[in-house]
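A note on names: the letters A, B, ... follow the listed sequences, proteins ahead of strands, and every chain is numbered from 1.
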There are 2 protein chains.
Amino acid sequence: MLRLTRRSEYGLMALAYLASRPGEYCSVREIVEELKLPKRLLAEVLKDLSRAELLEATRGPGGGYRLTQPAERLALARVVEVLEGPVAMTDCMAHSCDLEASCIIQTGIGRVTRNIRNVLEGMTVAELLPAQPETPLAV
Amino acid sequence: MLRLTRRSEYGLMALAYLASRPGEYCSVREIVEELKLPKRLLAEVLKDLSRAELLEATRGPGGGYRLTQPAERLALARVVEVLEGPVAMTDCMAHSCDLEASCIIQTGIGRVTRNIRNVLEGMTVAELLPAQPETPLAV
DNA sequence: TAATTTAGCACCCAGATGGTGCTCTTCCAT
DNA sequence: ATGGAAGAGCACCATCTGGGTGCTAAATTA
């Protein structure tokens, strides 16, 4: 429906939060309380992000998640791909099409898809945070 | 899931088809046979498009649908809006948000949404068709 | 060893989406 | 005027995905 799933939405929120505390390990509990999101679900999402190595996790007291790389280098496209698969306007663009022959808009949709993907690749998690010039003095 | 619905997909295909026969009334049956799409569903979609006045319909023998305006002036965004509601990355962007307070990526998502919308507003149905320089000599 | 925190698995529910059947109405052509 | 063609409306169903939860295991630190 041309919408991000909640997984992506929550994931982006959490990543943005983590971006605002560079270096620190933040527990799911903390993030959830801060952002008011459903705990189990966010946990699920963070796990996926960590499996994809966008985050790293530490267990035990004082543990939690943190970014594996500066938010300025983390493209939104990457996040969405991890959380909901390839960025594409239609399934045929993501995998393959059984209508190829009769599909007259194949190339056109291809172009749209590419443009959308560019938008998502051109923006980073760092840019999600409200005005905050280049992270003045952080890690 | 950041995908067009099939309704949009089929709708765009049909519009592109109609764009390739400017002026002519094409019946649902004809379109369906040509593009190999599910009849009832496509009919449903075309009805919606005609209700939104992107198409005009004529009944009876020789009837069918045709574009109400040149395809060069019909933005993809318009079609998607008719078929699946406002173009927005999240529901909060389309309507309103109950997390506003704790949502730290509001402005950021707003920017993404605007960019995506621009992509869809910048492309027309005419551009969906494969290379075809400005419709040489048609209506 | 106890407490904290992530990881893995299995499951449920609701709503959106894709798809179909049937009947009614409109309208053209003869 | 009349019959057939074609769109419109309505009601319905099946399936899939997505949101959300519970419980237990494994890891880590104090």
Judged by nearest nucleotide, the residue sitting upstream toward the 5' end of DNA chain D, A:R6 or A:R40, is A:R6

So how far is it from [X] [atom1] to [Y] [atom2], rounded to the nearest 0.5 Å?
X	Y	atom1	atom2	result
B:E44	B:L41	CD	CG	7.5 Å
B:R7	A:M1	CZ	CE	10.5 Å
A:L54	A:E81	CG	CD	10.0 Å
B:I31	B:L37	CD1	CG	9.0 Å

What is the distance from [atom1] of [X] to [atom2] of [N], rounded to the nearest Å?
X	N	atom1	atom2	result
B:E30	D:dA5	CD	C1'	14 Å
A:E56	C:dA7	CD	C1'	17 Å
A:Y65	C:dT5	OH	C1'	9 Å
A:L4	D:dG18	CG	P	12 Å
A:K39	D:dG19	NZ	C1'	18 Å
A:R7	D:dT17	CZ	P	14 Å
A:R3	D:dG18	CZ	P	14 Å
A:I31	C:dT5	CD1	P	12 Å

Could you work out which one of [options] sits closest to the side chain of [X]?
X	options	answer
B:T58	C:dT20, C:dC28, C:dC9	C:dC28
A:V28	C:dT6, D:dG20, C:dC9	C:dT6
B:A57	C:dA7, D:dC10, D:dG7	D:dG7
B:P38	D:dG7, C:dC9, C:dT20	C:dT20
A:K47	D:dA8, C:dT17, C:dA7	C:dA7

(request) Report yes or no: is there a donor-acceptor pair, N or O only, under 3.5 Å between the side chain of A:R29 and the base of C:dT4? (result) no

> With no angle test and no hydrogens, is the base of D:dG7 tied to the side chain of B:R66 by a donor-acceptor pair under 3.5 Å?
Replying inline: no

Shared ILVMFWY cluster between B:L2 and A:V82, side chains joined below 4.5 angstrom? yes

Exercise for review: Return yes if a side-chain donor-acceptor contact under 3.5 Å exists between A:T5 and A:E84, otherwise no.
Suggested key: yes

For [N], does either OP1 or OP2 sit under 4.0 Å from a side-chain N or O belonging to [X]?
X	N	result
A:Y10	D:dG20	yes
B:Y25	D:dG7	no
A:R51	C:dG8	yes

Residue pair A:P61/B:L41 against DNA chain C: nearer the 5' end by closest nucleotide is A:P61

- [ ] Would you mind classifying the nucleic acid contact of B:R59 as base, sugar-phosphate or nothing, using non-hydrogen atoms under 4.0 angstrom?
- [x] base

